[in-house]
Amino acid sequence: MAVTINTLRDYKRNGEKFPMLTAYDSTFAQAISAAGIDVLLIGDSLGMVLQGHDSTLPVTVEDIAYHTACVARGNQHSLIMSDLPFMSYGTPEDALRNAAKLMQAGAHMVKIEGTDWLAETIRLLTERGVPVCAHLGLTPQFVNKFGGYKVQGRDERQAGLMVQHSRMLEQAGADVIILECVPSALAARITEAVTIPVVGIGAGPDTDGQVLVMHDMLGLGGRKPRFVKNFLEDAGSIQGAFEAFASAVRERRFPAPEHCFSA
Ligand code: KIV
């Protein structure tokens with residue numbers, strides 16, 4: 001059965017955890033989907049893990065559309081979410097035009113990074129048939145504003161704002177929220193405060209879903225961020241690693257305390 005936005009809503013309603021991984025090509029999309037991963041993300045992380053840049057900023061809409069089409073060809077039954085890259089949704093009109101390209105390439109949902117200022121864009125996209133995931137916390141497209149890749153929402157003022165913005169974006173029509181690198185207690189608070197599914201990466205064990213970058217969970221690349229577990233080590237095969245991630249998330253064995261941040 002194909003995973004849809006309703007499947008994710010049902011998971012939340014029933015208190016079931018769900019796994020999500022990045023995918024950028026047809027072969028890996030096939031393997032990840034066959035392992036029962038519910039959501040495939042064509043993340044702008046491809047700028048770093050495929051293209052070798054030191055940030056996601058150089059990634060273009062054409063890059064994401066190309067990789068979305070590749071993933072769509074290999075996908076079995078997962079929901080396909082594609083990133084709108086840096087400055088492709090600076091105005092609601094830009095967002096609409098560029099989201100259309102990703103949906104026509106095979107995406108079922110787009111993801112945008114930001115806070116309350118996204119509300120108008122989310123309203124416009126969702127009213128016109130484009131489901132939206134709002135990405136909050138450590139949003140990598142804002143690395144130059146943050147002055148580095150730092151945990152967000154550690155003080156009470158920032159944390160309260162993030163809860164407020166999450167509620168606001170749900171009200172504007174967001175279908176999913178992603179929280180990246182925030183203290184576990186804040187992620188639990190946001191997951192409780194909204195009725196839409198919340199997916200975490202470095203956000204503790206209490207979000208409804210968990211996402212990782214595929215290259216990270218296979219132990220590829222240099223530095224291993226705190227929130228990453230290498231699933232290939234024990235699994236012994238790439239297919240086994242995807243399956244191990246899926247069951248660790250569903251059985252609440254991942255993330256463990258050593259993968260989480262405190263306030
Ligand atoms: O681009 C990406 O891969 C992402 C995930 C880290 C959530 O946004």
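Whatever order the structure lists them in is the order used to number ligands and atoms, beginning at 1. These numbers come from a predicted model, not from an experiment.
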Could you tell me, for ligand 1, which of its N or O atoms are under 3.5 Å from any protein N or O, listing the pairs and their distances rounded to 0.1 Å?
| from | atom 1 | to | atom 2 | distance (Å) |
| --- | --- | --- | --- | --- |
| ligand 1 | 1 (O) | Asp44 | N | 3.2 |
| ligand 1 | 1 (O) | Asp44 | OD1 | 3.0 |
| ligand 1 | 1 (O) | Ser45 | N | 3.0 |
| ligand 1 | 1 (O) | Ser45 | OG | 3.3 |
| ligand 1 | 1 (O) | Asp83 | OD2 | 3.2 |
| ligand 1 | 3 (O) | Ser45 | OG | 2.6 |
| ligand 1 | 8 (O) | Lys111 | NZ | 2.8 |

- Identified side chain to side chain contact (heavy atoms under 4.5 Å, CB included) partner of Val198 from the options Leu136, Ile178, Leu179: Leu179
- Message: So, taking the atom named CG in Asp116 and the one named CG in Leu161, what distance separates them when rounded to the nearest 0.5 Å?
- Response: 8.0 Å
- Task: May I ask you to say whether Lys111 pairs ionically with Asp44, meaning some side-chain N is under 4.0 Å from a carboxylate O?
- Result: no
- Using a strict cut-off of less than 4.0 Å between a Lys/Arg side-chain nitrogen and an Asp/Glu carboxylate oxygen, indicate whether Glu258 and Arg226 qualify as a salt bridge. no
- Note on the structure: Applying side-chain hydrogen bond (donor to acceptor under 3.5 Å, both in side chains) to Ser78 and not counting sequence neighbours gives Ser33
- Message: I'd like to know if Arg252 and Asp206 make a salt bridge, using a cut-off of under 4.0 Å between side-chain N and carboxylate O.
- Response: no
